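Keep in mind that what you see is a predicted model, and the values were worked out from it rather than measured. So that the names make sense, note that chain A is the first sequence line, chain B the second, and so on, each numbered from 1.
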2 protein chains.
Amino acid sequence: MNHACADCAVRESALCASLNDDELSRLNRIGRRQRLAKGQTLQFAGDDSLVFANVVDGVLKLSTSTADGREQIVGLLYPADFLGRLFAVRVDYDCTALTDADLCVFPRAGFEAALNDFQKLERDLLERTMAELDRTRQWMLLLGRKSAEEKVASFLLNIAERLRPEGCTGRSDGPQTYVLPLTRGQIADVLGLTIETVSRQMTRLKSAGVIALPSIREVTLLRPDLLEAMAEAT
Amino acid sequence: MNHACADCAVRESALCASLNDDELSRLNRIGRRQRLAKGQTLQFAGDDSLVFANVVDGVLKLSTSTADGREQIVGLLYPADFLGRLFAVRVDYDCTALTDADLCVFPRAGFEAALNDFQKLERDLLERTMAELDRTRQWMLLLGRKSAEEKVASFLLNIAERLRPEGCTGRSDGPQTYVLPLTRGQIADVLGLTIETVSRQMTRLKSAGVIALPSIREVTLLRPDLLEAMAEAT
DNA sequence: CGTTCGGTTGAAAGTCTTCAAGGAGGGTGG
DNA sequence: CCACCCTCCTTGAAGACTTTCAACCGAACG
């Protein structure tokens, strides 16, 4: 089922932003909206690579795991992000919705054809992939070299940045409150920690007055300056 | 100074493999060979993004570090790999030669022009970038979830894979010996460990008869099967 | 021949994990 | 409508693994 791109929430920011209206209408003919429920898995590691999509709304995770079940989240997809593994027969990681989500999905053949026809599309995809590679490498510094405190502080700042401005409440000159799309366990899987360590660090930050936790899924950044200092990034 | 692509060691495997002879000769006009000495840094994090190159010979590292000096290696570049950050004004990480290295360097303007003119080049670059993203994400599982033993075992298998078949000696049906392009400290920076832990794990593997260490820079995989089991990957 | 750099090894310390128990919130069914 | 259950979160105590600190070794190099 098609959908009017004109009132798409990510018309200006997703991959399709590189296309003009004519080109877009052709792409639109092959795209279809898909709604995912929270927790639903779109693809499993080892599946044939058939899914190519823009995230319209919601947050998804990309994850891999060891044979004995340890999991690592290796990517988070927010609205306007692109999902799909070209040039590979199979995908290497699971993709699961962390919240209810809307996707604009393209079949592989059609997407590849569009990529061939619209050089701007390919250029934009290359640009996004390189940006994602940069983000991923920055994340490696966190995984390999940061302490639990630094990891949690970094994570909170990072998620705030990605969720802003829609995903938060509070006056722009005051503390902002965010609804976390991840459980403590999922945060642990992002940071390479255990759920208990994440919980303890959050409690410490709260006790220190750096953050507030209005509810289990919400976090208020009371002192982002202190958080920055604790994150100790580059 | 130009160079004959015809006898380039990576003519068939680097980015330029996507070009025919005519196209290649045009690219060749703007490329120039650069030799790097071991330890030499090609670019620092924060530099303007001006370097675009194919690795012809040698091994380079990409690394970032925290303000207080902890370092994490976030990428290793082997012959035929591409180096360069398009679509960004500055680069986010250092690039340093781990061994003496040969590069085929292109100026930014010329490389971008070639990218515009030769769609195959852009396609190949997209393909390589996506493959690199996959490798990087797999590496995140190691950093976030694996034990020191698993990390070292994984690293040895990984480097053997990348160095084969040129970088090793030994009969193809027997144990193969590799010259490590990294010091213990650099291996530690790849794996998110300390130099002491790497050293201890290597000693343990040697004691267990899984590897041999003919010299400080060489490693022989006596029991790759055991190494695989210890790496415990996906 | 001394210095330096990289590597190894030991002992102590620290951080994070593991194991365990309890609590809060939300949905379901009696 | 309330009890129950399930999931997710928190907290404590003990333990394990990796790091830190320190000393020593060996090869390369001036």
Side chain A:Glu149 and base C:dC16 donor-acceptor under 3.5 Å: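 Between C:dC16 and A:Glu149, which were checked side chain against base, a qualifying N/O pair under 3.5 Å is absent.
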
Regarding C:dG10, can its base be found pairing with the side chain of B:Arg200 as donor and acceptor, where the two atoms are less than 3.5 Å apart?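 Flag set: donor-acceptor pair detected.
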
Rounded to whole Å, please give me the gap between [atom1] in [X] and [atom2] in [N].
X: B:Glu196; N: C:dC5; atom1: CD; atom2: P; answer: 17 Å
X: A:Arg217; N: C:dG25; atom1: CZ; atom2: C1'; answer: 12 Å
X: A:Leu143; N: C:dC16; atom1: CG; atom2: C1'; answer: 15 Å
X: B:Arg184; N: D:dC25; atom1: CZ; atom2: P; answer: 19 Å
X: B:Leu193; N: D:dT19; atom1: CG; atom2: C1'; answer: 10 Å
X: B:Ile216; N: C:dT4; atom1: CD1; atom2: C1'; answer: 14 Å
X: A:Leu180; N: D:dC9; atom1: CG; atom2: C1'; answer: 13 Å
X: A:Ile195; N: C:dT18; atom1: CD1; atom2: C1'; answer: 13 Å

Sugar-phosphate only, base, or nothing, as touched by [X] at under 4.0 Å among non-hydrogen atoms:
X: A:Ser215; value: nothing
X: A:Gly39; value: nothing
X: B:Thr183; value: sugar-phosphate

Roughly how far, to the nearest 0.5 Å, is CE of B:Met202 from OG of B:Ser199? 8.0 Å

Both A:Leu213 and B:Gly192 contact DNA chain D. Which one's nearest nucleotide lies toward the 5' end?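 Of the two residues, A:Leu213 wins.
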
Both A:Arg145 and A:Gly185 contact DNA chain D. Taking the nearest nucleotide for each, which residue is further toward the 5' end?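 Going by which nucleotide is closer to the 5' end, it is A:Gly185.
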
Closest to the A:Thr194 side chain, choosing from C:dT18, D:dC9, C:dC16: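 Minimum distance to the A:Thr194 side chain belongs to C:dT18.
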
Side chain to side chain donor-acceptor pair (under 3.5 Å), that's the test. Do A:Thr129 and A:Glu132 meet it? Break it down for me. CA-CA 5 Å; A:Thr129 307; A:Glu132 183 65 27; over 6 Å; no

Quick one: salt bridge (Lys or Arg N to Asp or Glu O under 4.0 Å) partners of A:Glu150, sequence neighbours excluded? B:Arg70

When you check the phosphate oxygens OP1 and OP2 of C:dT15, does a side-chain N or O of A:Thr197 lie under 4.0 Å from one of them? no

Ignoring backbone atoms, establish whether A:Ser147 has a side-chain N or O less than 4.0 Å from OP1 or OP2 of C:dT15. no

Side-chain touch B:Leu83/B:Phe52, heavy atoms, less than 4.5 angstrom: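 The answer is no, as the side chains (C-beta and beyond) never meet within the 4.5 Å cut-off.
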
So do A:Asp225 and A:Glu228 actually touch side chain to side chain, heavy atoms under 4.5 Å?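 Contact flag for A:Glu228/A:Asp225 side chains = no.
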
